[in-house]
Protein chains: 2
Amino acid sequence: MERVLNKVKAVSMNDVQRNLHLPRFLPYRLTKLSGVISRSLAGKYSALFDLTIHEWRIVAILGSEPGLTAREIGPLASLDKVSISRAVEKLHKAGRLEKRTLKDDRRSAALYLTAKGKAVLADITPLAQKYEDDLLAGFTPEEVEQLDHFLNRLDAAAEARK
Amino acid sequence: MERVLNKVKAVSMNDVQRNLHLPRFLPYRLTKLSGVISRSLAGKYSALFDLTIHEWRIVAILGSEPGLTAREIGPLASLDKVSISRAVEKLHKAGRLEKRTLKDDRRSAALYLTAKGKAVLADITPLAQKYEDDLLAGFTPEEVEQLDHFLNRLDAAAEARK
DNA sequence: GGATTAAAGTTACAAATGAAACTACTTTTT
DNA sequence: AAAAAGTAGTTTCATTTGTAACTTTAATCC
């Protein structure tokens with residue numbers, strides 16, 4: 001398949017090695033883009049609510065699916081168990097979530113947002129939505145759909161050759 | 001504009017607060033995707049060549065534009081001066097680049113890849129290209145073009161509201 | 001049913017990252 | 001031309017993140 005993303009000015013046929021052009025290299029672009037967006041979101045909201053991005057993900061997930069255990073949250077939030085343990089601990093100390101040890105497996109606990117936790121979620125959700133909407137403000141619904149599709153396919157391809 | 005990416009099943013008109021659905025939240029998806037890709041690339045090549053992603057970026061840039069200073073590389077590689085200083089130092093120690101102090105400003109140095117540095121670049125470039133090609137293997141040239149366009153627009157939007 | 005293996009979550013240690021202070025040099029100001 | 005302010009790059013220190021080892025409980029295996 002033709003390599004369009006890194007296409008450069010025509011090179012002589014004797015060039016053995018075409019240079020890789022960093023600003024057009026997909027992994028670099030994605031890292032850069034996600035970095036700018038994450039820093040922007042974190043700068044605006046995380047500091048404001050004393051909430052890291054990892055905590056934010058957990059709160060968002062527990063908002064839709066209360067009672068999940070740490071292990072179940074892992075794949076949903078793309079977080080390893082250490083990150084989850086730390087974030088859950090901090091949320092717990094802040095009184096934003098409650099742990100209920102499972103009767104049939106005392107190693108794990110079902111996690112629930114407290115009123116405080118729900119309040120944080122309610123506060124941040126519209127801001128996060130607004131941020132996403134702004135990012136996509138220039139996109140038609142069809143384009144958003146297509147972007148969605150592209151991201152799914154890239155994700156699948158990346159997972160496949162992980 | 002309609003929020004299509006986070007569209008969920010119809011909710012009752014009395015729902016004051018729609019839940020944010022994390023797996024469809026664009027910032028989350030981009031972070032996750034770039035993370036999978038970066039880890040995959042780093043796992044395959046960085047360890048193999050003892051080269052961090054930051055060093056790799058600098059090598060790639062110096063490959064196309066020899067003689068840049070640390071400061072000039074910064075914006076091109078999206079790296080702050082501390083990261084550059086550390087990466088350049090490591091490349092220098094490894095004999096992969098050469099520093100030539102500028103005559104007219106002895107604080108900075110023009111940076112050049114040595115033969116060793118060029119060899120590393122020549123080794124990695126085709127692997128990186130291959131990885132990108134594989135990611136995009138399912139995309140038609142038109143789709144690649146469109147993805148390119150989307151990423152540019154997202155980047156501009158994100159930078160604008162940074 | 002007691003020993004072995006495995007799983008959930010935590011803790012401890014090492015490496016990476018970020019922010020601020022610092023050094024050496026250059027430019028601007030008076 | 002001396003003093004002040006600014007810039008390039010480095011170093012230091014604090015925080016974050018990742019890996020491995022550990023603790024507790026549960027499941028599996030003779």
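Each chain gets a letter, A, B and so on, in the order the sequences are listed, and its residues count up from 1.
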Q: Answer yes or no on whether B:R100 is positioned over the face of B:Y112, meaning its NZ or CZ is under 6.0 Å from the six-membered ring centre and within 45° of the axis.
A: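 Yes, a cation-pi geometry.
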
Q. Rounded to whole angstrom units, what separation is found between the CG atom of B:L79 and the P atom of D:dA8?
A. 16 Å

Q: To the nearest Å, give me how far apart NZ (B:K99) and C1' (D:dA8) are.
A: 11 Å

Residues in contact with DNA chain C, drawn from [range] - heavy-atom cutoff 4.0 Å:
range                       : answer
residues 105-114 of chain A : A:R107, A:S108, A:A109
residues 37-54 of chain B   : none
residues 83-91 of chain A   : A:S85, A:R86

Q: Please check if the distance between the ring centroids of A:F150 and B:F139 is under 6.0 Å.
A: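 Yes, the ring of A:F150 comes within the 6.0 Å limit of the ring of B:F139, centre to centre.
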
Q: Establish, from distance only, whether the side-chain atoms of B:T52 and B:S46 form a donor-acceptor pair under 3.5 Å.
A: no

Q) Do the side chain of A:E143 and the main chain of A:T140 share a donor and acceptor less than 3.5 angstrom apart? A)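 Side chain of A:E143 to backbone of A:T140, a donor-acceptor pair under 3.5 Å: yes, one is there.
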
May I ask you to say whether [X] pairs ionically with [Y], meaning some side-chain N is under 4.0 Å from a carboxylate O?
X     : Y      : answer
B:E55 : B:R86  : no
A:R29 : B:D155 : no
B:K90 : B:D50  : yes

**Q.** Minimal non-hydrogen separation, B:Y28 against A:L76, with atom names
**A.**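 Residues B:Y28 and A:L76, closest heavy atoms: OH-O, 3.1 Å.
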
Q.
Within a 6.0 Å radius of atom NZ on A:K118, are there more than 12 heavy atoms belonging to other residues, nucleotides or ligands?
A. no

Q.
Need to verify one output field. Residue with the more 5' nearest nucleotide on DNA chain D, B:V82 or A:D104?
A.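 With B:V82 and A:D104 compared, the 5'-side residue is B:V82.
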
Q.
Quick check on DNA chain D: between A:K103 and B:A70, whose nearest nucleotide comes earlier from the 5' end?
A. B:A70

**Q.** Side chain of A:D80 - closest among D:dA8, D:dT10, D:dG18
**A.**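 Between D:dA8, D:dT10, D:dG18, the one nearest the side chain of A:D80 would be D:dG18.
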
